[in-house]
Structure formats: C-alpha cells, structure tokens
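Quick note on labels: first sequence line is chain A, next is B, and so on, each numbered from 1. Hydrogens, waters and symmetry mates are skipped; everything else that's a heavy atom, side chains included, is used.
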Amino acid sequence: MLHQPLPVTFYQQPTQDLAKALLGCLLVKESPEGAASGYIVETEAYMGAGDRAAHSFGNRRTKRTEIMFASAGHVYTFMMHTHTLVNVVSGPLNIPEAILIRAIEPCDGLQLIASRRHRVKQAVNRTNGPGKLTEALNITGDDYGRLLTEAPIYISAGFVPDKIESGPRVGIDNTGDARFYPLRYWISGNPYVSKTRKMKNVR
DNA sequence: TAACCGATATACT
DNA sequence: GTATATCGGTTAA
C-alpha cells in the first residue's frame, strides 16, 4: 500500500477532537486507475441525536443513516443532488455522530485528479468542497459502510497543522440554533479550504 | 455576491 | 407521488 492506514483506535476519541485530529491527515482512495489522495484541510462535526443539523437527529434511524450508528472509523457516503459527500463515522456503537470531510489538498494521483475534474480550470477549485473532493478521489456510494483502516479507502498520518480555526457550519440554514454551533474546523490559511457560499452562513 | 438551476437518492405522505 | 437535501457550476451584474 502507498501509505500506512491509521489504526481504528485513532477514531475512538470524542467527535470534536477527532474532527480536529483529522486535519492534516491523508485521505487515500485506491481505484483501478490508480491511487489518489489529499490532505484533509477542513471538517465539520455532526453531533448525533442532539444536533438538529445531523441526519441522525433524534436518533432517526433509516437505511441511509444506519451506518452512523456503527462504531467509529466507518465511511458514511450519501448523495446530494448530483454529488456524493463523505463522512467519517465517529462516536461509540449506537451513538450516531459523524464528521464531514469538506476539503482536501491534493497529494498523490495529481494526474487522476486532474482528469476526473478536467472541466474545472483552476487546480484549487478541484478539491475545495465536499462534493468536489469525492469526484476527485472517486469516492462513491460503493464506499458506504467500508472501514477506513484498509484499502481501497483509508486515512493515514500526514502533517500537523500550524493553526486550526473553527466557526459555524455551512449549508444548514433551516435547522434552528444548530446552525450557529462552531463545529466547522479548518487549517488556518490553507488555500484549499472551501469558501462559505453565502454571507448569512458567517453571521 | 446573488440568483438560478441542474438532475437524483432518500424519506415521508 | 412529492418534497427536500452537509452542493457545484454558470450567469449576470
């Protein structure tokens, strides 16, 4: 394997700590065409049953959210319009918490990433959003429920960020006070961090 | 920066 | 059958 996956114990820490610990780590996806990877530079925590913005609010358990109730270290993918988004399942068994990976900085497989996202001219715009990085790394619904400790999709140690910032999450307007929780984390100054789409999200 | 729209799985009635 | 969503790209100003 190109990189050494982190052990499952890495995921067994409080969700907000894990969200910060994931920053700087390397997300790797192997595919028939080759491996592609990128450093995680932005994450968002979703705090399960008590979080209005989480799919698992109120312990809502459906076929889609089922994997959030699994133990930490599983992959939760779901479709949003034409895009796939990817989360890392966090929290102990039956505690449906998760961390959305919002942006990465490309590392391996630059050619693959470029060809998968060839319509986008600027390199920085190829992986600076949750739906973009999944297309760049070829993460799909097939990855739903997989473990992040083994191929073809896993996370390895990367670098330690200089500085981490936090703020309100993105894209969750009609969910009551949950939208103000500072559960979004990013590496300060990194050019691949996604821009907030609307000023009202910043408040 | 704002507005608009694409094009789809999933949940709910 | 209908509503809605952890979004992205394009257009226009």
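- Contacts between residues 81-88 of chain A and DNA chain B, counted as heavy-atom distances below 4.0 Å, involve A/His81, A/Thr82.
- The residues A/Arg169 and A/Asp51 are annotated as salt-bridged, a charged nitrogen and a carboxylate oxygen being separated by less than 4.0 angstrom.
- When the P atom of B/dA11 is taken as reference, atom CE of A/Met80 falls 15 Å away, rounded to whole Å.
- With rounding to whole Å, A/Gln122 atom CD is found 12 Å from C/dT10 atom P.
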Quiz item: Step by step, would you call A/Glu165 with A/Arg184 a salt bridge (Lys or Arg N to Asp or Glu O under 4.0 Å)?
Solution: CA-CA 8 Å; A/Glu165 294 186 72; A/Arg184 177 183 177 221; over 6 Å; no
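- When rounded to the nearest whole Å, the span between CZ of A/Arg119 and C1' of C/dG8 equals 10 Å.
- Between the C1' atom of C/dA5 and the CZ atom of A/Arg169 lies a distance of 15 Å, rounded to the nearest Å.
- Applying the 4.0 Å criterion to OP1 and OP2 of C/dC7, one finds that A/Arg102 has a side-chain N or O inside that range.
- There is a side-chain donor-acceptor pair under 3.5 Å between A/Glu97 and A/Thr15.
- Rounded to whole angstrom, the span from the OH atom of A/Tyr144 across to the P atom of B/dT8 amounts to 21 Å.
- For B/dA9, the OP1/OP2 oxygens have no side-chain nitrogen or oxygen of A/Lys63 closer than 4.0 Å.
- Test A/Glu30, A/Arg146, A/Gln4 against A/Tyr154 for side-chain hydrogen bond (donor to acceptor under 3.5 Å, both in side chains) and you get one pass: A/Glu30.
- A salt bridge is defined here as a Lys NZ or Arg NE, NH1 or NH2 lying under 4.0 Å from an Asp or Glu carboxylate O, and A/Glu135 with A/Arg119 meets this definition.
- Spacing between atom CG of A/Asn125 and atom P of C/dT10 amounts to 10 Å, rounded to whole angstrom units.
- Within 6.0 Å of the CD atom in A/Gln111, the count of heavy atoms belonging to other residues, nucleotides or ligands does not exceed 12.
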Quiz item: Where does DNA chain C pair, written as one dot-bracket string 5' to 3', with Watson-Crick or G-U pairs under 3.5 Å, ( ) inside the strand, [ ] for crossing pairs and | for another strand?
Solution: |||||.||||||.
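- With rounding to the nearest 0.5 angstrom, the CG atom of A/Leu22 is 6.5 Å from the OG1 atom of A/Thr43.
- At the phosphate of B/dC12, OP1 or OP2 sits under 4.0 Å from a side-chain N or O atom of A/Arg60.
- Atom CZ in A/Arg116 sits about 18 Å away from atom C1' in C/dG8, given to the nearest Å.
- Side-chain atoms of A/Ser37 come within 3.5 Å of backbone atoms of A/Asp108 as a donor-acceptor pair (strictly under, hydrogens ignored).
- The distance between atom CG of A/Leu133 and atom C1' of C/dC7, rounded to the nearest whole Å, is 12 Å.
- Residue contacts for A/Ala98: at a heavy-atom cut-off of 4.0 Å it reaches no nucleic acid atom on any strand shown.
- Distances from the side chain of A/Arg117 to the nucleotides B/dA9, B/dA11, C/dG8 place C/dG8 closest.
- A/Thr84 and A/Gly141 make their closest contact through CG2-N, 4.3 Å (heavy atoms, listed as atom of the first residue, atom of the second, distance).
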